[in-house]
Amino acid sequence: MKTQTVIVLLGLASLVSAHSWVACTDYSSDDFSTYDFSKCRGWPRNWNSVATNLFGEDRGFNYQGNDATPCRDPFNGGNSYTSAYPKAKYTPGQRVCLAWPAKNHKAESCTNAFIPDTQLSLFASPANPTGDITQTQYKQNVVAAELGGKHVNGQIDLKGFQNCPNFCGGQGTDKASCGQCFTVPSTFAVGSTYSFQWYWIFNEGSPPYTTCWEADIVDANGNTGNPTTTGNTPSNPTSNTGGSGASPTATQATPVISRPPLNGNSIYIVKAPVQTTLSGSFVVKVQYSATSSRVITVDMLDNKSGQVNWYGKGTATVQAGSGTVDITVTFMGTNKATMGKNLYFRAWLVAAEKFSDDESKQSWLYEDDVQDSDFVASNQVVYPAEGVSPSSTNIKGSNASSIQIQLVSFALIAVFLAFF
């Protein structure tokens, strides 16, 4: 009985917060068990700027919209797409499937039944937009009010955002494949183009996470009835390998990658050690954008797919605006790093008024953004060369804040006090 109680508490401790995005705007299957790059036939705006061959990898594509700026990337017609990552083509009445990564956000046996999912909707612009519209205008053209049905808090289902059928296995809870399908309105005229917006609210009252894209409306033969208007000539062509629909992975340890633009409340690890000693303190440089006073925490963790251990942290408070901040991260606590152990820094951002060192306050439920950067425990501290960002294979943002790991410790203590 005591062991069962500990397991229950550990399960409740696996709480998550939110961010995600649409990774494919025309996925040719409604089986989302494992994401298959070859099944993607359409992509969001400017996907070529963040493309990677690891599904669900954080590259700064998540975005919280507002009425004036409902999309991360501004409308740019066909110039937002390339030959490798083209604009979607839909047919009136077609059933189209969208795919996105879970980012740990599903009520399930390996998390708990109380992972929220307030709203998942799909909106569209009027035909043939020439620029961006407001969020209010998007909401005037509802394609799906509750995409995939309404998730019920406290239940384990496959509705709304949480249609992630292989969440507890396969690609792992962070990068598990999710998706829903919708029917293209029959009123959408062949030869027209529409902007679409995926609109997801995690916590009630929080800003929506949005992804925007365009789709040309074609007939059953793929014709628009107009001269070719795909506009898919790449300004910076990206090669493909194996027909996977993904750009190749760099082989060097710390390749130079373009830093994604930051909007709203978001963060990006600019520089962090790739090796550290087994104790002491290290500086992690974090780029941020904040709409009000925010706290950035950087934790040191291990094991992204199973039980996670916590090794130390550092915090910094930033005010509204944007910039970079150096955060001193220090080994602390009872877990000790060993030589050669693979660890990672996890930076997470939360509103100052919602942050607390008291784990019972569950600050991680209100995270705005999360970014990870891998490192190895060794006998020296090594940073990437100046001007080199963490490797794209090292930025593996996950929504489960590492504060939950500390909560596990408190939960265990509580169990021991109650039963001994």
Side-chain angles (χ1 to χ4, degrees), residues 13 17 58 254 266-288 290 293-304 306-319 323-352 354-364 366-386 388-391 394-413:
S17 65
D58 268 277
T254 53
S266 53
I267 54 176
Y268 185 78
I269 296 178
V270 177
K271 196 168 188 177
V274 292
Q275 295 182 44
T276 73
T277 52
L278 304 183
S279 61
S281 299
F282 322 97
V283 174
V284 175
K285 184 183 290 290
V286 179
Q287 181 184 1
Y288 67 88
S293 180
R294 248 69 184 167
V295 175
I296 303 172
T297 299
V298 179
D299 290 292
M300 290 189 287
L301 308 169
D302 68 8
N303 193 356
K304 295 180 181 174
Q307 175 60 50
V308 183
N309 297 306
W310 180 83
Y311 292 83
K313 71 173 183 179
T315 61
T317 300
V318 298
Q319 302 306 315
T324 59
V325 59
D326 289 342
I327 300 176
T328 300
V329 184
T330 303
F331 274 109
M332 59 183 74
T334 58
N335 291 316
K336 304 298 181 183
T338 56
M339 187 70 68
K341 186 171 185 61
N342 293 314
L343 301 157
Y344 62 102
F345 296 105
R346 170 163 292 166
W348 54 283
L349 179 73
V350 67
K354 295 180 179 179
F355 175 79
S356 175
D357 278 322
D358 181 352
E359 310 309 333
S360 67
K361 302 297 184 182
Q362 302 178 357
S363 298
W364 62 87
Y366 306 99
E367 291 171 349
D368 298 304
D369 199 8
V370 183
Q371 289 286 301
D372 289 2
S373 182
D374 294 348
F375 69 97
V376 177
S378 68
N379 59 2
Q380 60 182 333
V381 179
V382 177
Y383 283 85
E386 194 65 31
V388 177
S389 299
S391 169
N394 289 341
I395 306 171
K396 304 176 186 285
S398 165
N399 281 355
S401 167
S402 54
I403 287 185
Q404 64 190 355
I405 308 309
Q406 301 174 45
L407 180 58
V408 171
S409 300
F410 283 101
L412 289 172
I413 292 172

Subject >> Test side chain to side chain donor-acceptor pair (under 3.5 Å) applied to Thr330 - qualifying residues, sequence neighbours left out >> reply: Ser281
Subject >> Set of side chain to side chain contact (heavy atoms under 4.5 Å, CB included) partners for Ser279, sequence neighbours left out >> reply: none
**OP:** Could you tell me the separation between the CD atom of Gln380 and the OG1 atom of Thr276, rounded to the nearest 0.5 Å?
**Re:** 10.5 Å
Original post:
Roughly how far, to the nearest 0.5 Å, is CG of Leu301 from CG of Asp374?
Top reply: 11.0 Å
Original post:
Asn335 side chain to Tyr311 main-chain N or O, any donor-acceptor pair under 3.5 Å?
Top reply: no
Original post:
Which atom names give the shortest non-hydrogen contact between Asn342 and Val376, and what distance separates them?
Top reply: OD1-CG2, 3.4 Å
Original post:
Taking all non-hydrogen atoms of both residues, which atom of Ser293 and which atom of Thr317 are closest, and how far apart?
Top reply: OG-CG2, 3.8 Å
Original post:
Who passes ring pair (Phe, Tyr, Trp, His ring centres under 6.0 Å) against Tyr288, sequence neighbours left out?
Top reply: none
**OP:** Identify the two heavy atoms, one from Thr338 and one from Leu278, that lie closest to each other, and give their separation to 0.1 Å.
**Re:** C-CD2, 3.8 Å
**OP:** Supply the atom-to-atom distance Asp369 CG to Arg294 CZ, rounded to the nearest 0.5 angstrom.
**Re:** 11.0 Å
**OP:** For Tyr383 and Val283, indicate whether the former's side chain and the latter's backbone hold a donor-acceptor pair under 3.5 Å.
**Re:** yes
Subject >> Non-hydrogen atoms of Ile327 and Gly314 that approach each other most closely >> reply: CG2-C, 3.6 Å
Subject >> Sub-4.5 Å side-chain heavy-atom contact between Gln371 and Asp58 >> reply: yes
**OP:** First locate atom CG of Asp372, then atom CG of Asp299, and finally report the distance between them rounded to the nearest 0.5 Å.
**Re:** 10.0 Å
Original post:
What are the two closest heavy atoms between Lys313 and Met332, and how far apart are they?
Top reply: O-CE, 3.7 Å
Subject >> Counterpart residues, side chain to side chain contact (heavy atoms under 4.5 Å, CB included), relative to Asp358 (two or more places apart) >> reply: Ser356, Ser360, Lys361
**OP:** Determine, using ring centers only, whether Tyr366 and Phe355 are less than 6.0 Å apart.
**Re:** no
Original post:
With sequence neighbours excluded, what pairs up with Phe345 under the ring pair (Phe, Tyr, Trp, His ring centres under 6.0 Å) test?
Top reply: Phe375
Subject >> Set of salt bridge (charged side-chain N to carboxylate O under 4.0 Å, His left out) partners for Lys336, sequence neighbours left out >> reply: none
Subject >> Spatial distance of atom CG (Asp368) from atom CD1 (Ile267) [nearest 0.5 Å] >> reply: 9.0 Å
**OP:** Tell me, please, which residues at least two apart from Lys354 pass side chain to side chain donor-acceptor pair (under 3.5 Å).
**Re:** none
**OP:** Specify the closest pair of heavy atoms between Leu349 and Ser266, including all atoms of both residues, with the distance to one decimal.
**Re:** CD2-N, 3.5 Å
**OP:** Kindly indicate whether the side chain of Asp357, heavy atoms from C-beta on, has any atom under 4.5 Å from the side chain of Ser363.
**Re:** no
